[in-house]
Structure formats: C-alpha cells, structure tokens
Amino acid sequence: MTDTHQPSPLIAMRGVCFNYPGGPPILNDLDFELFRGERVGLVAPNGSGKTTLFHILMGLLKPCAGEVRIFGRPVHREQDFIEVRQRIGMLFQDADDQLFSPTVLEDVAFGPLNLGKSREEAATIARRTLARLGLEGFENRVTFRLSGGEKRLVSLATVLAMEPEVLLLDEPTTGLDDKTRHTLTHLIVAFDLTYVLISHNVPFLAATTDKTYSMEGGRILLDETVHFHEHVHAHRHGQVPHQHE
Amino acid sequence: MLAEPFAHGQSFVHGLDPRVRIATSTVFSCLVAVANSFTVLVIACMISLGLVLLARLDLAAVGRRVSVVFGFLILLWLILPLTYEGEPVGQWGPLVWHRPGVALAARISLKSFAILAAFTALLATMAVSTMGHALDRMGLPSKLIHLLLMCYRYIFVIEQEYRRLNAAMRIRAFRPRTNLHTYRSYAYLVGMLFVRAAARAERVHQAMRCRGFQGRFHTMAQFPRQAGNRLFLVATTSAMLGLAWLEWLQ
C-alpha cells in the first residue's frame with residue numbers, strides 16, 4: 001500500500017541498538033530511512049558499525065533494541081527475513097565469502113534456484129546476468145581461479161541474478177585496480193536500482209551516489225553534511241599537466 | 001594448488017556418465033580388495049591398465065601418481081617376508097625369508113596397483129565438482145556432498161591464508177629451530193588457521209543465507225545419456241562377474 005503523495009520508506013530503522021555480548025555498543029539508537037530510487041553512500045571510520053548495519057538489515061544479526069521495518073513490514077524472525085533476502089541483495093566485502101560453488105555458472109544460478117526457479121530458468125538468468133556485466137564466456141570458469149577483479153564482478157552477478165530491488169554494497173572497490181573500479185562504477189550507475197554503498201573511496205562515492213551519510217557514535221548523521229572537497233595529492237609524473245576524473 | 005591433470009580429456013572414458021564410473025570403480029575396488037587368487041589379481045591389474053589406456057592418459061603421469069604407494073609397498077616387502085612363519089625361500093645370516101610373507105606382499109602390491117590405476121582411469125578423469133554432483137544424483141546424503149564440495153572450494157583459500165601467515169612470520173626473521181619458541185609459533189599458526197577457517201565458514205554461510213539458502217542445495221549438473229554408458233556397464237559387469245567366478249567358484 002504506497003501512498004503516492006508521501007512514499008513510505010523501503011527500509012526504516014528506529015532506535016536500533018546493537019552490541020556483541022560483553023562488548024561496547026556498536027550501534028546506538030540508530031535511525032535510518034531509505035526510499036525508492038535513493039543512492040546513498042556511507043562513509044565512516046573502520047569499526048563504526050557500517051557492516052553491522054547491513055547485517056542487521058539482512059537478518060544476520062539481531063538488534064538488541066529498536067525497530068526495523070523493511071518494505072513497510074516489521075521484521076523480527078528468520079521467517080520475515082526470507083522474503084527480505086529475495087528483494088534485498090548484499091555484496092560482501094570479501095568475494096571469496098560469496099563465491100562458494102566450483103563454477104561461475106553454478107554460483108550465479110544458486111540464488112535463482114533458491115527462489116524456486118527450474119534448472120533451465122536459473123541457467124538462463126545466470127547467463128543473462130553475466131552478459132549484462134560483460135562476463136560472457138565465464139560460465140564454466142572455476143571460481144577460485146578468477147582474478148580479484150573478476151571475483152568481485154562475478155559476486156555482483158550472483159547478487160543481481162536474484163533481481164533485487166535494493167542493493168547493499170559493502171566496500172565494493174576494496175582491492176580493485178583502477179580499470180576494474182571504472183567498470184564497476186559504470187555498472188553500478190547503470191543499474192537504476194536503490195542502493196546503499198559503503199566505501200572509503202571518495203571519487204567512487206562521488207560518481208555513484210547522490211548523498212553521503214556518515215556514522216559516529218553508533219548513529220548515522222543524517223544531515224548530509226559530508227562534502228567532498230579537493231586537496232593536494234602526490235603521485236608520479238605529477239608535474240606533467242593532467243586531469244583527474 | 002590442487003591440480004586435476006586428468007580431469008579434462010576427450011577419451012571414451014571422459015565421455016562416460018560419472019555415476020557409471022563411480023559405481024564401477026567402487027564395485028571393482030571392493031572385489032579386488034577381497035580377492036586372494038593371483039590369477040584374479042593379475043587379470044584385475046590388466047583390466048586397470050586397459051582402463052588407463054582407454055582413458056588415453058599420459059602414462060608417465062599415471063606412473064608418477066601410482067608410485068605414491070611405492071614407499072609403503074617397499075616397507076611391506078622389507079618386513080612381511082621376514083616376519084611371517086612358513087616355508088623359507090631364502091636365508092642371509094640370521095635373516096630368513098618366508099614364502100607366505102612374500103605371497104602376501106605380492107598380493108598387496110597387485111591390489112594396490114589395480115585399485116589405484118582403476119581409480120586414476122575412472123575417477124581422476126572427472127573434476128571434483130562433477131564427482132560431487134554425481135554422488136548427489138546417486139542419492140548420497142547431501143551433507144556429505146556439501147562437505148566435499150566446500151572442502152574443495154576453500155582448501156585453496158585456507159592454503160593462501162597459511163602462506164600469508166607463514167610469510168608474515170618469516171619476514172619477521174622467524175626461522176624454525178628445535179626449540180619451544182618454534183613449536184609455540186607453529187601452534188599459533190595452526191590455531192590461527194582454524195580460527196580463520198571457522199570465521200570464513202560463518203561468513204560463507206551468511207552470504208549463502210543472503211541469497212536465499214535454506215538448507216537445501218540444488219545442483220545444475222545434468223548428465224547426457226550416451227550409448228557408451230550401457231556398453232561400458234555391460235563390459236565391466238561381465239568382467240567383474242568373471243573375476244568373482246574365478247575367485248570363488250572355480
């Protein structure tokens with residue numbers, strides 16, 4: 001039931017707290033809302049709870065307090081999250097965690113098969129998704145023999161094959177060279193999806209997101225005060241006149 | 001890295017249904033393991049050799065692989081003839097070689113070669129993932145198959161982690177010696193590998209749940225029907241029945 005005048009958020013978190021047993025609070029009275037079409041960047045120091053936030057949204061961790069509503073419905077139990085996981089895709093930090101099947105095609109087809117697609121349908125979806133990411137011919141490649149960049153793109157394919165409405169991307173550019181990062185930037189922008197993206201890479205965030213939130217003291221700073229600015233940097237052949245993208 | 005040097009090929013054996021190959025090699029190895037007659041064992045060795053030739057494998061590579069058991073066999077040849085009681089066949093000072101011991105060592109050698117060569121020809125000619133899927137289709141418990149496939153997938157990741165940790169130790173001037181410091185450091189290394197493997201398993205499981213995994217695996221593998229399967233099955237079954245007849249009814 002969406003009100004066209006005042007769209008309801010896809011994701012709404014209110015007063016969410018989280019800490020590991022005996023540990024300090026990682027999330028502390030956190031509020032967060034995500035609306036359809038938003039492209040949000042999340043930039044914050046290590047250990048400030050960004051990944052924890054994603055894991056709570058996917059139902060991998062349980063908040064100690066607070067309310068999480070996804071697609072307008074409160075989610076508490078594992079059963080609630082089974083539907084959530086069909087509609088929200090998450091890209092893990094380490095592609096080796098995501099790719100567990102022997103071959104690329106099987107890994108990409110894993111999600112669709114879990115959604116109840118037949119073997120043929122799953123294979124078709126997998127091939128289509130791989131083609132969309134420029135990964136034609138990767139079907140029978142062995143996952144552990146892929147390069148770091150290829151692993152990242154194939155992981156992305158495994159998530160996209162489930163045709164999610166929302167993407168949660170956890171540091172997608174870590175460990176990628178410039179070329180693969182460019183490919184990834186273009187792909188993500190072309191998705192036309194709602195997503196939240198964790199990254200420390202400012203140019204990448206600037207190219208892929210509309211607004212950037214920061215996190216501090218276990219909360220999200222919602223005032224969008226994070227601004228990108230230029231500063232002096234150094235690299236080889238720096239004195240030759242050049243431009244950065 | 002775990003190479004699969006025989007897994008890819010164009011031979012008749014490579015084209016066979018993996019399930020047929022698994023079933024045949026299992027029954028064959030059981031038969032050879034319990035057989036006693038030398039006639040049967042020699043014929044079994046020839047069948048195995050025939051299978052290796054049929055799979056068109058590089059014989060030198062097969063030899064290297066089979067030679068892994070040679071060290072073990074040499075040990076048996078050294079010990080068994082000397083320790084078994086029975087008719088002596090040779091003597092050198094206080095050492096006496098006995099016929100039953102020699103016969104037993106010979107049997108074990110023939111059995112090892114026959115089984116190993118058959119496994120190389122029939123099982124090593126498929127990728128581990130193919131074997132996992134074939135076992136799944138043969139109705140083995142899916143937990144066992146996941147264990148096999150996951151081991152196969154993550155053994156490399158764990159090996160890389162081991163290499164990284166090992167390198168981190170070495171660049172800080174660690175040199176293994178026979179002292180407590182070395183033992184303790186290696187214990188830490190192994191302990192850390194276990195911890196990391198467990199953490200990795202947790203994350204992999206999380207990633208799988210995020211993609212809708214609810215405990216049931218679906219496999220993509222399909223095995224095309226081929227006329228050769230039936231031919232192979234008939235040939236091997238009759239060969240094995242023949243061997244059983246020679247062993248127990250003759």
Side-chain angles (χ1 to χ4, degrees), chain A residues 51 54-55 57-61 78-79 81-120 122-123 126 139-140 142-145 151 155 158-162 164 167-168 170, chain B residues 1-5 7-8 18 126-137 142 145-164 196-224:
Chain A
T51 304
F54 278 10
H55 282 208
L57 288 175
M58 297 305 284
L60 301 173
L61 293 173
E78 176 73 12
Q79 201 58 39
F81 282 103
I82 286 173
E83 195 206 324
V84 167
R85 290 174 194 148
Q86 296 177 8
R87 298 171 63 184
I88 301 185
M90 172 166 168
L91 187 73
F92 277 61
Q93 254 178 54
D94 185 347
D96 266 322
D97 293 339
Q98 203 130 19
L99 303 176
F100 68 93
S101 303
T103 66
V104 168
L105 185 72
E106 283 170 302
D107 218 304
V108 181
F110 173 75
L113 284 172
N114 286 332
L115 297 182
K117 300 271 193 283
S118 77
R119 212 175 284 154
E120 290 73 25
E139 287 84 351
N140 291 317
V142 175
T143 47
F144 62 75
R145 296 206 175 120
K151 272 186 191 165
S155 314
T158 68
V159 175
L160 289 177
M162 299 180 70
L167 275 183
L168 306 178
D170 195 347
Chain B
M1 221 180 220
L2 194 121
E4 296 177 322
H8 306 284
M126 64 178 91
V128 175
S129 55
T130 313
M131 191 188 300
H133 292 142
L135 290 170
D136 178 65
R137 292 302 196 72
S142 53
I145 290 151
H146 304 164
L147 215 56
L148 174 76
L149 292 179
M150 292 282 179
C151 278
Y152 171 67
R153 167 66 181 88
Y154 284 101
I155 197 124
F156 305 106
V157 177
I158 293 170
E159 191 207 350
Q160 275 166 15
E161 261 162 6
Y162 164 75
R163 281 175 195 281
R164 271 202 299 275
R196 291 196 180 188
R200 169 81 63 183
E202 176 71 31
R203 292 198 303 273
V204 171
H205 186 229
Q206 286 178 341
M208 288 167 73
R209 278 164 67 199
C210 284
R211 287 201 277 151
F213 180 66
Q214 289 171 51
R216 241 193 73 77
F217 261 95
H218 310 266
T219 52
M220 296 283 288
Q222 286 194 78
F223 307 120

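In the text below, chain A, chain B and the rest are named by the order of the sequence lines, each starting its count at 1.
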(message) Under a 4.5 Å cutoff for heavy-atom pairs, which residue among A/Glu120, A/Gln86, A/Glu78 has the most contacts with chain B?
(response) A/Glu78

(message) Between B/Arg211 (side chain only) and A/Gln98 (backbone N and O only), is there a donor and an acceptor less than 3.5 Å apart?
(response) yes

(request) Tell me, out of A/Val159, A/Ile88, A/Asp94, who's got the most heavy-atom pairs with chain B below 4.5 Å. (result) A/Asp94

(request) Measure the acute angle between the ring planes of B/Tyr152 and A/Phe144, then classify it against the limits of 30° and 60° as parallel, tilted or perpendicular. (result) perpendicular

(message) Heavy-atom cut-off 4.5 Å, strictly under: side chain, backbone, both or neither for A/Asp107 against chain B?
(response) both

(message) Restricting to non-hydrogen atoms, name the atom on B/Leu148 and the atom on B/Gly132 that form the minimum distance, rounded to 0.1 Å.
(response) CD2-CA, 4.0 Å

(request) Only one of B/Arg196, B/Arg203, B/Arg153 passes salt bridge (charged side-chain N to carboxylate O under 4.0 Å, His left out) with A/Asp97; say which it is. (result) B/Arg203

(request) Below 4.5 Å from any heavy atom of chain B, which atoms of A/Phe100 appear? Answer side chain, backbone, both or neither. (result) both

(request) Pick one of side chain, backbone, both or neither for A/Leu91, based on which atoms fall under 4.5 Å of a heavy atom in chain B. (result) neither

(message) Counting only non-hydrogen atoms closer than 4.5 Å, does A/Leu113 touch chain B with its backbone (N, CA, C, O), its side chain (CB onward), both, or neither?
(response) both

(request) Pick whichever of A/Leu115, A/Thr103, A/Thr158 has the most heavy-atom pairs under 4.5 Å with chain B. (result) A/Thr158

(request) Keeping the roles fixed (side chain from A/Thr143, backbone from A/Ser101), state whether a donor-acceptor pair exists under 3.5 Å. (result) yes

(message) Quick check against the 3.5 Å criterion: does A/Arg85 have a side-chain atom that pairs as donor or acceptor with the backbone of A/Met90?
(response) no

